[in-house]
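All ligand and atom numbering here is 1-based and tracks the order in the structure. Numbers here simply count residues along the sequence, with the first being 1.
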Amino acid sequence: MHSSKKDLFVDRYVIFNWKMNPTTLADADDIFDALKKSSARLRKTLAVVCPPALFIDHLAWDYKGKRIAFGIQDASIKQSGSWTGEISYSQARNIHVSFALINHSDRRKVGESIEDSKTKMKIALSEGMSVVLCIGEEKRDYQGTFLKSLQEELAFFLKGVSEEYFSRIIIAYEPLWAIGQSKSASSHDIHEMVLYMRKILPDIIGKNNASLLKIIYGGSVDDSNVADLLSIEQLSGFLVGRASLDPTQFDALLMSVEKATVPEKV
Ligand code: PGA
């Protein structure tokens with residue numbers, strides 16, 4: 001998996017999405033300082049922090065460690081030029097951002113189409129970034145329609161992607177009904193979905209490409225449920241929202257992920 005930290009061996013990821021928090025730079029500094037302390041003990045885990053874009057340069061400029069990488073929550077489908085208020089992926093790349101969140105449900109809520117999300121994914125990949133591609137059903141139904149829609153979503157985003165990019169794509173399975181709630185999907189449900197994705201991905205992009213993709217889970221992950229979720233085979237980490245702002249929670253979460261046995265290889 002691509003990382004800007006060249007000499008790093010990473011086999012698990014915790015992606016921290018701060019969303020539109022916190023309000024002040026001073027608070028951002030405090031959270032990031034705590035993250036630096038927690039991450040100093042990581043050996044196999046990469047913490048990817050996605051702060052609001054206007055805080056990133058400040059937080060990153062004197063960070064010399066290897067266990068934290070920076071991600072951008074969103075950037076423009078325009079690559080450069082006169083687009084008032086927009087930020088480009090290449091600008092993000094130039095301030096050492098190496099990950100991009102793509103197709104997060106919060107973006108969909110403000111009207112971003114999946115076509116735009118796909119364009120953004122392509123731009124981020126061509127800029128050399130790793131992408132965290134969020135996919136997941138809105139709700140579950142007994143007929144299993146959600147399985148079909150997940151398959152279509154994966155096919156929509158992954159078909160036609162150039163082979164060289166697959167090692168830089170992390171699929172974040174985020175069932176929309178589990179995001180921002182007090183309850184994550186159960187480890188049983190997540191396991192089933194990971195197995196399902198592992199089964200259908202080779203048909204969509206070929207066996208070799210499929211084996212390069214990592215799968216993580218997002219949706220109400222915190223220090224209270226991480227131990228249970230770590231029992232899921234073939235899961236390479238988590239995408240975390242609310243708990244990424246709480247040092248006690250993210251410290252416990254990172255240590256649990258770091259200490260867990262390596263997820264089974266596919
Ligand atoms: P949550 O957010 O951890 O607060 O549920 C996850 C996400 O929005 O990706």
What protein heavy atom is closest to atom 3 (O) of ligand 1, reported as residue, atom name and distance in Å?
G241 N, 2.9 Å

Exercise: do E137 and S149 side chains pair donor with acceptor under 3.5 Å:
no

State whether D74 and K120 are salt-bridged, where the test is any N-O pair (Lys NZ or Arg NE/NH1/NH2 against Asp/Glu carboxylate O) under 4.0 Å.
yes

Geometric class of the F32/F70 ring pair [parallel <30°, tilted 30-60°, perpendicular >60°]:
tilted

Contact between ligand 1 and L239 is defined here as a heavy atom of the residue under 4.0 Å from a ligand atom; is it met?
yes

Does ligand 1 have any atom that is closer than 4.0 Å to a heavy atom of G218?
no

Is the closest N or O pair between N17 and ligand 1 shorter than 3.5 Å?
no

Identify the protein heavy atom lying closest to atom 8 (O) of ligand 1, giving its residue, its atom name and the separation to 0.1 Å.
K19 NZ, 2.5 Å

Looking at Q181, I want to see if its CD is surrounded by more than 12 non-hydrogen atoms of other residues, nucleotides or ligands under 6.0 Å.
yes

Looking only at protein heavy atoms, what sits closest to atom 9 (O) of ligand 1 is E174 OE2, 2.6 Å

F250 and F238 aromatic centres sub-6.0 Å
no

Can you see whether S117 engages E112 through a side-chain donor-acceptor pair at a distance of less than 3.5 angstrom?
yes

Starting from atom 4 (O) of ligand 1, find the nearest protein heavy-atom neighbour and note its residue, name and distance.
R242 NE, 2.6 Å

Going by the atom numbers of ligand 1, which of them fall below 4.0 Å from some non-hydrogen atom of S220?
1 (P), 3 (O), 5 (O)

For V240 and ligand 1, does the shortest N/O to N/O distance drop below 3.5 Å?
no

What do you reckon, is NE2 of H188 surrounded by more than 12 foreign heavy atoms closer than 6.0 Å?
no

For ligand 1, which atoms have a heavy atom of G219 less than 4.0 angstrom away?
5 (O)

